[in-house]
Amino acid sequence: MLKSHSCGELSKKDVGAKVTLAGWVDRRRDHGGLIFIDLRDREGIVQVVFNPETAKLCHEIASEMRNEYVVRVSGEVALRPQGTENPKLPTGDVEVIAHNTDILNPSKTPPFYINEDIEVEESLRLKYRYLDLRRTRMKENLLLRHRVVKFMRDFLDAKGFIEVETPILIKSTPEGARDYLVPSRLYPGKFYALPQSPQQLKQLLMVAGVEKYFQIARCFRDEDTRADRQPEFTQLDLEMSFVEEEDILNLLEELFTSLVEIIKPEMRVIKPFPRLTYAEAMEHYGTDKPDLRFGLELGDLTDIVAQSDFSIFRSAIADGGKVKGICAPGCGTYTRSQLDELNKLVQSLGAEGLVTISLGTAGGNLNALTIEMVKSVAARFLTLDQIKQMAERLGAKTGDLLLIVAGNPKLVDMTLSELRQEMGHRLKLADPNLFVFAFIQNFPLLRWDDETGRWESEHHPFTAPWDEDVPLLDTTPEKVHGKHYDVICNGYEIGGGSLRIHTSELQRKIFKLLGYNDEEVEERFGHMLEAFQYGAPPHGGIALGLDRIVMLLAGEETIREVIAFPKNQSAADLTFDAPSPVTEEQLAELHLRLRNE
RNA sequence: GGCCCCGUGGUGUAGCGGACUAACAUGCCACCCUGUCACGGUGGAGAUCGGGGGUUCGAAUCCCCCCGGGGUCGCCA
C-alpha cells in the first residue's frame with residue numbers, strides 16, 4: 001500500500017507515530033512560511049504541516065499543490081500546539097509534520113466545489129459524477145446504501161433465506177411496462193428482454209424447492225422517469241413457500257423496524273405498522289400511498305351539498321361525480337393570491353377548480369360561526385347549516401379554511417391527495433424525524449381498462465384472488481379482491497407483493513379473464529403453467545424498492561442522489577453520454593437495419 | 001404527448017425596458033505573509049446574459065420558436 005494509515009483515523013493515540021498518508025488535497029493554506037494542507041481520503045481529513053525550516057524540499061513541493069491533487073505525505077503525528085486544536089475536525093487534536101512528500105497526480109481545477117456542500121446544477125454533477133461522488137453528501141449516501149444492503153443480506157440470511165441470482169437476458173413479456181430489448185446475434189430477428197422484475201423466476205425457484213429466496217435485483221422498465229423512478233433500479237426481491245400474508249407482513253415489519261434502529265437510530269418508527277385497506281386509503285387520503293405522518297383526512301361532502309343551490313357542486317354530482325374536501329387548519333386568513341396559488345395547483349392536476357371556504361380569521365368553536373364570518377364564492381348558495389355540516393365533517397374550527405373539489409371521483413381523490421400533501425408541507429405537519437411505515441391491503445384484483453376494453457391486473461397476473469371471491473371471477477370480476485399488499489412510508493410506495501397463484505387451473509383462468517387466447521397463454525406463460533403442474537408449493541413474497549428506501553433514510557428528494565451513476569430525466573447517462581449510435585458492422589451482426597423516420 | 005419552473009464569468013447568485021462599459025460571493029492566476037483551518041492582504045484575468053427571430057430609439061430584462069435541465073399528468077402488469 002502507498003499509505004500506512006487513513007487520514008481520518010488519526011488521533012491523540014497516534015502521537016509520535018511515523019505515518020505515510022495518501023489522498024486528495026482538500027484545501028491549502030499557504031502562509032508564505034508554513035503551509036497547511038488538509039489531506040482527505042475516504043475516512044476523513046487531517047491537517048499536514050509543511051515547515052520550510054525543517055523540510056525545505058518538502059515545503060517547495062507543497063507550494064505546488066492545489067485542490068484535488070493526489071499526494072502522498074510521510075511524517076510524524078504530533079499533538080497540535082496548545083490553542084490551535086480544531087474542534088470541528090475529528091482529527092483536530094493532531095497534525096502530521098511532513099518529512100517527505102510527493103505529488104502522485106496533479107488535478108485540473110474541478111468544475112465545481114468538492115470541499116463545499118453547495119447546490120450545483122445536476123447535469124453538471126452527473127457529467128462529472130466521479131467528482132460529485134467525492135463530495136461528502138454523495139460519499140455518505142454511497143456508504144449508507146452499502147450499509148442498508150449489508151443489513152438486508154445479514155437479516156435475511158439469519159432468517160434462512162438464500163440469495164439466488166437470476167438472468168438479466170430473459171424473455172419479453174409485452175404486458176406491463178415497456179421492455180428494454182436486446183437483439184440476438186445467433187437468432188436473427190429474435191430478442192432478449194431485460195427483466196422488469198424477477199417475478200416469474202422467483203416463483204420458479206419456489207417450485208424448485210428453494211423455499212426462502214431473496215436477491216438484490218436490478219430491474220429495467222422503459223418508461224418515463226420521475227424523482228423516484230429510473231429506467232433501471234434495484235429491488236430487494238424476496239419470496240417464501242408455505243406462507244400466509246401475515247408471515248410476510250410480520251417479516252417486513254421486523255426488517256424495517258430493525259433497519260431503522262440500526263442504520264438511523266435517531267429516527268422514530270410507529271409500531272405496529274398501521275394497516276389500511278385500499279378502500280380506506282382512497283376514502284380518507286385519496287391515494288393508496290398516503291403520508292401518514294399527519295392527518296388532514298379527506299371528507300366526502302357529496303350528501304351535504306347535493307341539495308344546495310351551488311351549480312358547480314350540483315352539476316358535478318349530476319354527472320356522477322362527487323364532492324370532497326379537506327380542512328387546512330388556521331388558513332382562514334389566506335389571501336386572495338395564496339388561494340389563487342392553490343387553485344392553480346388544482347387546475348394543473350386536471351380538476352376544474354377549487355372551492356375555498358374561509359371560516360373567519362380567528363380560531364374558535366364552530367358553534368360561534370356566523371354567515372358574516374364565511375368568505376367564499378359559494379357562500380351565497382349555501383346555508384349556514386350546510387357550511388357547518390361540511391366544517392364538522394372535515395374537523396374544522398373557525399379560523400380554518402375548507403378546500404373543496406368537485407368532479408370525477410378519481411380526479412377528486414387525486415387532486416385532494418396532492419392538496420393534502422401540499423398543505424401538510426406548508427404547515428410543516430410531517431415530523432421529519434418520523435417514519436410511518438404502513439401496509440395497504442385488500443386491493444381489487446382487476447381493473448377495467450377503457451382503452452383496451454378488457455380487464456387488467458391491478459398488480460400482476462400471478463396474484464392470487466381471495467379464496468371466497470373465486471366464484472366472482474365468472475360473474476363480477478370487479479368485486480374480486482387480490483391477496484396483494486403494498487408497503488408505504490411517508491407518502492412513498494416502497495414495496496408491493498402478494499400471495500401467488502400456484503395451480504395451473506386457476507392461473508389459466510386468470511389469463512383467460514385478462515383476454516388471452518389459449519395460444520397466447522401457451523406462448524407467453526406455458527413455462528409457468530407447466531411448472532405449476534409439478535408440485536408447486538403455495539408461495540408469496542414481495543419486492544421492495546431499494547432506491548426509495550435508501551432515499552428516505554438519506555433524507556433525499558430523489559433516488560438519483562442514492563444511485564452512483566443514475567440516468568437523467570431523459571433516460572440518458574451524462575457521464576458516458578449513453579445511449580449512443582453503434583456502427584453499421586454492429587447492426588449487421590445483429591441482423592438489424594435502422595428505420596428512416 | 002400536455003402543463004409548470006429554471007438557464008447570467010469555472011461555481012452559486014443579483015440585476016427583470018435606459019444610470020449594465022453586467023454586480024456580488026467564491027474559485028482561478030501573480031505577489032506578500034510561520035499557527036492557519038471557509039487563513040489573511042494587494043493586484044489581475046475571466047460572461048457576445050442557452051441559441052435564433054421579433055417588438056422598441058434602446059433588450060440580460062418584453063413576445064415567439066428552438067435547445068438543454070428539473071418537477072408533474074399521462075405512462076410505470
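We name chains A, B, ... by the order of the sequence lines, and we start the count at 1 in each one.
With both ends at atom C1', the span from B:G7 to B:G50 equals 6 Å, rounded to whole Å. Across the C1' atoms, B:C62 and B:A38 are found 41 Å apart, a figure rounded to whole Å. B:G44 and B:G51 are spaced 29 Å apart, taking the P atom of each and rounding to whole Å. Look at the P atom in both B:U61 and B:U56: the space between them is 16 Å, to the nearest Å. Taking the C1' atom of each, B:C3 and B:G18 are spaced 36 Å apart, rounded to whole Å. Taking the C1' atoms as reference points, B:C65 lies 32 Å from B:G46, given to the whole Å. The separation of B:G69 from B:U55, taken at their C1' atoms, amounts to 28 Å, rounded to a whole angstrom. B:C4 and B:C66 are spaced 14 Å apart, taking the P atom of each and rounding to whole Å.
Closest to the A:Glu95 side chain, of the nucleotides B:G35, B:A38, B:U11, is B:G35. Of the listed nucleotides (B:A38, B:G35, B:G69), B:G35 has the atom at the smallest distance from the side chain of A:Gln47.
We find that A:Lys509 and A:Glu505 are not joined by a salt bridge, their nearest charged nitrogen and carboxylate oxygen being 4.0 Å or further apart. Under the 4.0 Å criterion applied to side-chain N and carboxylate O atoms, A:Arg135 and A:Glu116 are not assigned as salt-bridge partners. By the 4.0 Å N-to-carboxylate-O rule, A:Asp237 lies close enough to A:Lys202 to be salt-bridged with it. A:Arg508 has a carboxylate O that lies under 4.0 Å from a charged side-chain N of A:Glu522, or vice versa, which qualifies the two as a salt bridge.
If you measure from atom CG of A:Asp132 to atom P of B:G69, you get 17 Å, rounded to the nearest angstrom. Between the CG atom of A:Asn343 and the C1' atom of B:C4 there is a distance of 15 Å, given to the nearest Å. In this structure, the CG atom of A:Asp577 is 12 Å from the P atom of B:G68, given to the nearest Å. We find that CZ of A:Arg28 is positioned 13 Å from P of B:G40, with the value rounded to whole Å. B:G40 atom P lies 10 Å from atom CZ of A:Arg27, rounded to whole Å. Rounded to whole Å, atom C1' of B:U11 lies 10 Å from atom CD of A:Glu116. B:C37 atom C1' lies 12 Å from atom CG of A:Asn115, rounded to whole Å. Following rounding to the nearest Å, A:Asp117 (CG) and B:A38 (P) show an atom-to-atom distance of 15 Å.
The number of heavy-atom neighbours closer than 6.0 Å to NZ of A:Lys479, taken from other residues, nucleotides and ligands shown, is 12 or below. More than 12 heavy atoms of other residues, nucleotides or ligands sit less than 6.0 Å from atom CH2 of A:Trp455.
Cation-pi geometry between A:Arg560 and A:Phe565 is not satisfied (NZ or CZ under 6.0 Å from the ring centre, within 45° of the ring normal).
Remark: the A:Arg80 side chain and the B:C37 base include a donor-acceptor N/O pair separated by less than 3.5 Å. Side-chain to base pairing of A:Glu85 with B:G35: no donor and acceptor N or O lie closer than 3.5 Å to each other.
Nucleotides of RNA chain B nearest to A:Thr109 and A:Val49 differ in position, and the one nearer the 5' end is that of A:Thr109. When each of A:Asn67 and A:Pro111 is assigned the nucleotide of RNA chain B with its nearest heavy atom, A:Pro111 is the one assigned upstream, toward the 5' end.
Evaluation of A:His31 against the base of B:C39 yields a stacking contact (centre distance < 5.5 Å, interplanar angle < 30°). Residue-nucleotide stacking is not present for A:Phe112 and B:U11, judged by a side-chain ring centre under 5.5 Å from the six-membered base ring centre and planes under 30° apart.
Here A:Lys88 reaches the OP1 or OP2 of B:A38: one of its side-chain N or O atoms lies under 4.0 Å away. Considering only side-chain N and O atoms, A:Arg29 lies under 4.0 angstrom from the phosphate OP1 or OP2 of B:C39.
The CG atom of A:Leu236 lies 7.0 Å from the CD1 atom of A:Ile549; values are rounded to the nearest 0.5 Å.
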Protein heavy-atom contacts under 4.0 Å, written 5' to 3' over nucleotides 70-77 of chain B as B (base), S (sugar-phosphate only) or - (none), form the string BBBBBBBB
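Using a 4.0 Å heavy-atom criterion, one finds that A:Gln230 contacts no nucleic acid atom at all. The residue A:Glu119 sits close only to the backbone: its heavy atoms come under 4.0 Å of sugar-phosphate atoms, none of a base. Nucleic acid contact class of A:Glu493 (heavy atoms, under 4.0 Å, all strands): none. Residue A:Leu124 is classed as a sugar-phosphate contact, given heavy-atom separations below 4.0 Å to backbone atoms only.
In this entry B:C24 has B:G12 as its Watson-Crick or G-U wobble partner, both defining distances falling under 3.5 Å. The partner of B:C3 is B:G71, by the rule that a Watson-Crick or G-U pair needs both atom distances under 3.5 Å.
Across all their heavy atoms, A:Gln569 and A:Thr225 have their closest contact at O-OG1, 2.8 Å.
The backbone N or O of A:Gly482 lies less than 3.5 Å from a partner atom in the side chain of A:Trp466, making a donor-acceptor pair.
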